[in-house]
Amino acid sequence: MTAALSAHELIARHRSTLDQALEAIRTRAYWSPHPEHPKAYGENGSLDAAAGKAAFDALLGSRLDLGQPGTDDWVGGETSPYGVDLGVTYPHADLDVLLPAMKAGQRAWRDAGAEQRAVVCLEILKRISDRTHEFAHAVMHTSGQAFMMAFQAGGPHAQDRGLEAVAYAYVEQVRTPDNAEWAKPQGKRDPLAMNKQFTPVPRGIALMIGCNTFPTWNGYPGLFASLATGNAVLVKPHPRAVLPLALTVQVAREVLAETGFDPNLVALAAERPGEGIAKTLALRPEIRIIDYTGSTEFGDWLEANARQAQVYTEKAGVNTVVVHSTSDYKGMLANLAFSLSLYSGQMCTTPQNLLVPREGISTDQGPKSYDEVVADLAQSVDGLLGDDARANALLGAIVNPDVKARLEAAAGLGEVALASREITNPDFPGAVVRTPVIVKLDGAKPDDEAAYMSECFGPVSFAVAVDSAEDAAELLRRTVREKGAMTVGAYTTDPEVEQAVQEVCLEEAAQLSLNLTGGVYVNQTAAFSDFHGSGGNPAASAALCDGAFVANRFRVVEVRRDA
């Protein structure tokens, strides 16, 4: 295959970006090569807002032909949570044809080495970045995120997470040198001398199972970690969110072909309605790595049954915030209100349980009772979402009927402190938009425990009354240990309470945010600096992103010879 882009050109183009990424993961300082602001696009080959929207509109009702082998049908059926029928169809694959074709290119990809694989991945990410406006509409109309969130989380933030995975993959692969001269002294005899060669060898074909809510943000880490470590990657999108990942596969295939590699190293596995091919794929012997984001039930099934594969899961948890005391009551309420409202709580990091002492909390505005704290938080959410235009920009749309059903059922679980209300989106009348519900529960009542100890994904939060800070810490520990948590938050001015909560999180491996009152929220993480999940509690078996996330996607094979 003739390369239009040589390795030398790619290294010259992207090596400095890779080096900056390596420095960022070392220092954990803020850095991103992908602009967050929509107006930053439109030059140097990137699409501006109008061109990106036009490119998205041109996709509607089209057939997205990726040129994959083994296509035996065309499938589709995505309908936007905003009420738009996308009408895009995708290739359906005969796996017995596609999987062997994917394996065929792995030798050349393996032999290319860590640096060349990394810069090819960076070229893929650069071309995706140039189409950020187009991808933003694709993410918005498959996930239900509001446009600005889809633009940022589905665009630059997802691209950052992909680049972060490439950087970690590169570090782990170059930890061992390519060659070594080995000599062992033998006294008066000649030393034993050997030449040793070390090659990172991929495990095989990686399966990336995408999610509905964050198809690119959650999908890119596994996709690029596997590709950068030499594996072919089969992308199996969620049936309601195919388009963003199909476009990703399209770009990856183009870049691989232009750089002289087999485009079948990356392929799409779209499915017919109700086909459910994830289980079939997960058990195929060719599949050696699986990345999955979604329900605990299926994540547990993968871990138990896909024994031939290295499985990385991000499942579900019960995220908890301990509210003990604060020196900025207004800031605390505003921060929590935003965290509960963003994307209608349809984030794996959104707080669910707010543990508040039944005797109340101390604040810079004086003592506040449990009832006052909950009422003030409800008022803060109401104030944030009081304007329908702003509410639509924050809430987005409910992604599926199950979320709506959980929201409606939550009102029957306890005393409602904040009722959910319906909001109309004038641009998309078919969108289902709902404000959050806050329900008061008692941590001492067994009947209430069934509610707050279960994940209720969506815009549902429980204000759980507890007897003391000690009880809050113990309930936090039990929740993380039994149910898992992607995030934990705490508000306290007491060093002993802070230490107790921190110790729980260290022992139970949960990521902790303390006293957030500004523009950083518990349900947001920054690539290159923050870890998303820990891999140490039931919510996830992996962290995005650390060395453990990439190191077992390849093995080092040694060839040694007498010198």
Side-chain angles (χ1 to χ4, degrees), residues 24-25 27-37 145-146 148-161 163-164 213-214 217-218 221 314 317 319-355 363-364 376-377 380-381 383-385 390 393-396 436 459 461 476 480 485-493 497-498 501-502 505-506 510-534 539-540 543-546:
I25 63 174
T27 64
R28 318 305 294 182
Y30 171 76
W31 175 75
S32 171
H34 304 114
E36 286 185 311
H37 200 286
Q145 295 174 31
M148 186 54 70
M149 184 177 186
F151 182 92
Q152 292 184 337
H157 297 171
Q159 295 151 23
D160 283 349
R161 281 296 184 192
L163 175 53
E164 176 187 45
T213 49
F214 288 88
W217 197 98
N218 279 110
E314 181 192 312
N319 301 318
T320 300
V321 177
V322 175
V323 182
H324 170 262
S325 52
T326 179
S327 59
D328 183 0
Y329 187 58
K330 184 178 179 181
M332 179 190 79
L333 293 175
N335 192 280
L336 285 173
F338 188 93
S339 296
L340 300 183
S341 303
L342 185 62
Y343 184 32
S344 301
Q346 298 170 120
M347 304 173 69
C348 63
T349 50
T350 300
Q352 175 179 303
N353 292 347
L354 310 174
L355 309 186
T363 80
D364 56 318
D376 289 346
L377 177 58
S380 188
V381 174
L384 178 66
L385 304 177
R390 180 167 60 178
L394 276 175
L395 294 170
S461 293
L476 170 64
V480 176
M486 295 299 293
T487 56
V488 173
Y491 291 90
T492 182
T493 57
V497 174
E498 179 178 319
V501 171
Q502 182 172 309
C505 291
L506 290 173
Q511 311 294 11
L512 172 64
S513 298
L514 285 165
N515 297 317
L516 300 183
T517 57
V520 175
Y521 304 94
V522 67
N523 41 351
Q524 297 174 321
T525 57
F528 310 108
S529 186
D530 295 323
F531 292 111
H532 175 75
S534 70
L544 306 181
C545 184
D546 60 6

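Below, each value reflects all heavy atoms present in this structure, side chains not excepted, and no hydrogens, waters or symmetry copies.
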Which atom names give the shortest non-hydrogen contact between [X] and [Y], and what distance separates them?
X	Y	value
Ala158	Gly154	CB-O, 3.7 Å
Leu354	Pro351	CD2-CB, 4.4 Å
Thr349	His532	CG2-CE1, 3.5 Å
Leu384	Ser341	CD2-OG, 3.8 Å
Thr213	Gln145	O-NE2, 2.8 Å
Gly518	Asn335	O-ND2, 3.0 Å

Nearest-0.5 Å distance, [atom1] of residue [X] to [atom2] of residue [Y]:
X	Y	atom1	atom2	answer
Met347	Leu342	CE	CG	5.0 Å
Phe214	Cys348	CZ	SG	7.5 Å
Asn515	Met332	CG	CE	10.0 Å
Ser325	Asp364	OG	CG	10.5 Å
Leu395	Ser344	CG	OG	4.5 Å
Asp328	Thr363	CG	OG1	9.5 Å

* Val321 and side-chain contact (heavy atoms from CB on, under 4.5 Å): which partner among Leu340, Leu336, Val488, Thr487? ->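 For Val321, the side-chain contact (heavy atoms from CB on, under 4.5 Å) test succeeds with only one of Leu340, Leu336, Val488, Thr487, which is Leu336.
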Kindly say whether [Y] contributes a backbone atom to a donor-acceptor pair with the side chain of [X] at under 3.5 angstrom?
X	Y	answer
Gln152	Met149	no
Asn319	Asn353	no
Thr517	Gly331	no
Arg161	Asn218	no

* To do: Might you work through the side chain to side chain donor-acceptor pair (under 3.5 Å) test for Ser327 and Thr493, ending with a clear yes or no?
  => CA-CA 7 Å; Ser327 59; Thr493 57; over 6 Å; no
* Could I get the full list of ring pair (Phe, Tyr, Trp, His ring centres under 6.0 Å) partners for Tyr521, not counting sequence neighbours? =>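 For Tyr521, the residues satisfying ring pair (Phe, Tyr, Trp, His ring centres under 6.0 Å) (neighbours in sequence not counted) are Phe338.
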* His157: what forms a ring pair (Phe, Tyr, Trp, His ring centres under 6.0 Å) with it, not counting sequence neighbours? ->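 None.
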List the residues meeting side-chain contact (heavy atoms from CB on, under 4.5 Å) with [X], not counting sequence neighbours, and say none if there are none.
X	value
Asp530	Thr525, Ala526
Gln511	Phe531, Ser534
Thr27	Glu23, Ala29

Report yes if the side chains of [X] and [Y] come closer than 4.5 Å at any heavy-atom pair, otherwise no.
X	Y	value
Leu516	Val522	yes
Val322	Thr492	no
Gln352	Thr320	no

* To do: Decide ring pair (Phe, Tyr, Trp, His ring centres under 6.0 Å) for Tyr329 and Tyr491; before the verdict, give the C-alpha distance in whole Å, the side-chain angles of both, and the deciding distance to 0.1 Å.
  => CA-CA 10 Å; Tyr329 187 58; Tyr491 291 90; over 10 Å; no
* Asked: Does the side-chain contact (heavy atoms from CB on, under 4.5 Å) test come out yes or no for Phe528 and Leu163, once each step is laid out?
  -> CA-CA 9 Å; Phe528 310 108; Leu163 175 53; 3.9 Å; yes
* Any chance you could lay out the side chain to side chain donor-acceptor pair (under 3.5 Å) test for Asp160 and Ser32, step after step, and finish with the verdict? => CA-CA 7 Å; Asp160 283 349; Ser32 171; 2.9 Å; yes
* Asked: Can you name the residues that form a side chain to side chain donor-acceptor pair (under 3.5 Å) with Ser380, not counting sequence neighbours?
  ->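 Once residues adjacent in sequence are excluded, Ser380 has no partner under the side chain to side chain donor-acceptor pair (under 3.5 Å) criterion.
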* Would you please test Arg390 and Leu385 for side-chain contact (heavy atoms from CB on, under 4.5 Å) and show each step? => CA-CA 6 Å; Arg390 180 167 60 178; Leu385 304 177; over 6 Å; no
